[in-house]
Amino acid sequence: MADSSSLDVLIEALRRLPGVGVKSASRMAFHLLQHDRPGTQMLSRALQDAAANVRHCDRCNTFTESPVCQVCMDARRDATKLCVVETPADQAALERTGAFRGYYFVLMGRLSPLDGIGPKDIGLQKLFDRALDGTVTEVILATNFTAEGEATAHVIGEALRQRGLVVTRLARGVPAGSELEYVDLGTIAHALVDRR
């Protein structure tokens with residue numbers, strides 16, 4: 001194609017999204033330019049506004065437009081409970097359940113020595129300062145059940161237990177509504193070990 005520099009840049013920009021390859025990015029770009037020019041402008045403005053205005057909460061690290069997010073400013077929440085998650089997306093997912101009424105701390109990722117990501121890179125000192133402020137009595141570790149998430153939970157758990165805090169981990173097991181024959185063996189094994 002002649003004169004496709006802007007289109008190529010758009011496709012490359014869309015490829016930065018997780019799970020989007022060349023074909024998907026091309027399909028999105030062609031759709032926006034051919035069928036939804038107003039959507040293209042709206043998407044452009046939304047991205048610029050978000051990049052300019054969204055920041056990390058000073059207290060918990062989630063995304064917000066204010067110095068402190070709405071969850072951290074809610075005095076009705078249980079200040080004795082602190083739930084630790086890996087990302088703002090994880091915090092948003094837990095918050096949507098409505099099952100947790102404490103506060104959160106969002107790590108800036110997870111420990112991954114092979115990738116050169118250590119305790120300073122994910123803000124562990126800030127977490128320890130927050131957890132040990134004298135208000136928190138239980139820290140709930142809600143990191144992902146990946147090798148890195150488990151390692152992160154272990155390091156945090158050991159450090160906080162040594163300082164006298166109660167540390168719990170999200171339960172894992174058979175999903176509600178599933179049939180055992182279709183559940184992976186690791187999940188069934190963990191469900192048996194963690195049965196209640």
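All values below were derived from every heavy atom in this structure, side-chain atoms included, with hydrogens, water molecules and symmetry-related copies excluded. Keep in mind the model is a prediction, meaning the values are calculated, not measured.
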Determine, using the 4.5 Å side-chain heavy-atom cutoff (strictly less than), whether [X] and [Y] are members of one ILVMFWY cluster.
X: L32; Y: L47; result: yes
X: L14; Y: F30; result: yes
X: L43; Y: V54; result: no
X: M108; Y: V71; result: no
X: L33; Y: V20; result: yes

So, the side chain of [X] versus the backbone of [Y]: is there a donor-acceptor pair under 3.5 Å, distance only?
X: R77; Y: C72; value: no
X: Y103; Y: D74; value: yes
X: R110; Y: E150; value: no
X: S112; Y: E148; value: no
X: Q91; Y: V85; value: no
X: D115; Y: I117; value: no
X: T97; Y: A93; value: no

Seminar exercise, completed: The remaining residues in the hydrophobic cluster of L185, counting side-chain heavy-atom contacts under 4.5 Å among Ile, Leu, Val, Met, Phe, Trp and Tyr, are none
[X] versus [Y], closest heavy-atom pair with distance:
X: V22; Y: I11; answer: O-CG2, 4.5 Å
X: V183; Y: S178; answer: CG2-OG, 3.6 Å
X: G149; Y: E86; answer: CA-OE2, 3.5 Å
X: P88; Y: T62; answer: CB-OG1, 3.7 Å
X: D121; Y: G116; answer: OD2-O, 3.3 Å
X: L7; Y: A29; answer: CD1-CB, 4.0 Å

Problem set entry | Residue from L165, L82, V166 passing side chain to side chain contact (heavy atoms under 4.5 Å, CB included) with L160 | L165
Problem set entry | T168: which of L141, I140, V139 passes side chain to side chain contact (heavy atoms under 4.5 Å, CB included) | I140
Can you measure from [atom1] ([X]) to [atom2] ([Y]) and round to the nearest 0.5 angstrom?
X: R161; Y: I156; atom1: CZ; atom2: CD1; result: 11.0 Å
X: C83; Y: R101; atom1: SG; atom2: CZ; result: 13.0 Å
X: T40; Y: Q34; atom1: OG1; atom2: CD; result: 11.5 Å
X: L127; Y: C60; atom1: CG; atom2: SG; result: 11.5 Å

Are side-chain N/O atoms of [X] and [Y] paired as donor and acceptor at under 3.5 Å?
X: T87; Y: D90; value: yes
X: T143; Y: R169; value: yes
X: E65; Y: N53; value: no

For this session: Verify the neighbour count for atom NE2 of H31: are there more than 12 heavy atoms of other residues, nucleotides or ligands below 6.0 Å?
Result: yes
Exercise. Can you tell me if CZ on R163 sees more than 12 non-hydrogen neighbours from other groups inside 6.0 Å?
Worked result: yes
Problem set entry | Derivation and outcome, side chain to side chain contact (heavy atoms under 4.5 Å, CB included), residues H190 and F145 | CA-CA 11 Å; H190 283 295; F145 290 105; over 6 Å; no
For this session: Evaluate side chain to side chain contact (heavy atoms under 4.5 Å, CB included) for Y104 paired with N61, printing each intermediate quantity in order.
Result: CA-CA 9 Å; Y104 296 94; N61 291 331; over 6 Å; no
Problem set entry | L124 and L107: CA distance, side-chain angles, deciding distance, side chain to side chain contact (heavy atoms under 4.5 Å, CB included) verdict | CA-CA 7 Å; L124 285 192; L107 297 170; 3.8 Å; yes
Problem set entry | Side-chain touch H56/F63, heavy atoms, less than 4.5 angstrom | yes
Exercise. Between R59 and R130, is a side chain to side chain contact (heavy atoms under 4.5 Å, CB included) present by the stated rule, with each step listed?
Worked result: CA-CA 8 Å; R59 194 142 190 250; R130 172 103 184 265; 3.5 Å; yes
